[in-house]
Amino acid sequence: QVQLVDSGGGLVQAGGSLRLSCAGSERTFSTYAVGWFRQAPGKEREFVAAISWSGGHTYYKDSVKGRFTVSRDNAKNTVSLQMNSLNPEDTAVYYCAADPSYNQITTTSRPRSWGQGTQVTVSS
């Protein structure tokens, strides 16, 4: 399985922005469906956003649609999650995940590879 490294988390005030990155360890990462998930303390992990292996299709959790944008740069072997208009409810550890078995990761997908997680904290 591909090795993933996610990064870019930090502390921001409400209304601020962060850009998360997910780097794949191999060239074939460009053909993997990639998703972003998050988990807040005491809560279950939830789906946030995903991009198809081709990069032509994206899918978002309703509460982040219009604020978050997922994209990929095949030349750099990375997938990014641009997060704007952040609010305290977005506070969580964010994980990228990838799997070659899907064209598109959805809320019910079980990706094979996961990043280590990056903390996003949004203050009021």
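In this chain, numbering begins with 1 at the start of the sequence shown. These numbers come from the heavy atoms of this one structure, side chains and all, not from hydrogens, waters or symmetry mates.
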Would you say the side chains of Thr121 and Gln119 form a donor-acceptor pair under 3.5 Å?
yes
Shortest non-hydrogen contact from Asn74 to Ser30?
OD1-CB, 3.4 Å
Would you compute the distance between atom OG of Ser113 and atom CG of Asp99 and round it to the nearest 0.5 angstrom?
7.0 Å
Between the main-chain N or O of Val5 and the side-chain N or O of Gln116, is there a donor-acceptor pair closer than 3.5 Å?
no
Where do Ala49 and Tyr60 come nearest, in terms of heavy atoms and distance?
CB-CD2, 3.5 Å
Would you kindly confirm whether Val79 and Tyr59 end up in one hydrophobic cluster when ILVMFWY residues are joined by side chain heavy atoms under 4.5 Å apart?
no
Minimal non-hydrogen separation, Val34 against Ala98, with atom names
CG2-CB, 4.0 Å
If you take all heavy atoms of Ser101 and Arg112, which pair is closest and at what distance?
OG-NH2, 2.8 Å
Sidechain-backbone polar pair: Thr91 side chain, Val122 backbone, donor-acceptor under 3.5 Å
yes
Might you work through the side-chain contact (heavy atoms from CB on, under 4.5 Å) test for Val64 and Arg38, ending with a clear yes or no?
CA-CA 12 Å; Val64 308; Arg38 67 187 182 188; 4.1 Å; yes
So how far is it from Leu20 CG to Ser80 OG, rounded to the nearest 0.5 Å?
8.5 Å
May I ask you to list the residues sharing a hydrophobic cluster with Leu11, side-chain cutoff 4.5 Å, ordered by chain and number?
none
Could you list all the ring pair (Phe, Tyr, Trp, His ring centres under 6.0 Å) pairs where at least one residue sits in residues 94-124, not counting sequence neighbours?
Phe37-Trp114
First locate atom CD of Gln104, then atom OG1 of Thr58, and finally report the distance between them rounded to the nearest 0.5 Å.
7.5 Å
First locate atom CG of Leu86, then atom CD of Gln13, and finally report the distance between them rounded to the nearest 0.5 Å.
11.5 Å
Taking a hydrophobic cluster as the set of Ile, Leu, Val, Met, Phe, Trp and Tyr residues connected by side-chain heavy atoms closer than 4.5 Å, whether directly or through intermediates, do Leu18 and Leu81 fall within one such cluster?
yes
Looking at Phe47 and Ile105, what are the two nearest heavy atoms and their distance?
CE1-O, 4.1 Å
Check: Trp36 and Cys22 side chains under 4.5 Å, non-hydrogen atoms
yes
Looking only at non-hydrogen atoms, find the nearest pair between Arg67 and Asp90 and report the distance.
NH1-OD2, 2.8 Å
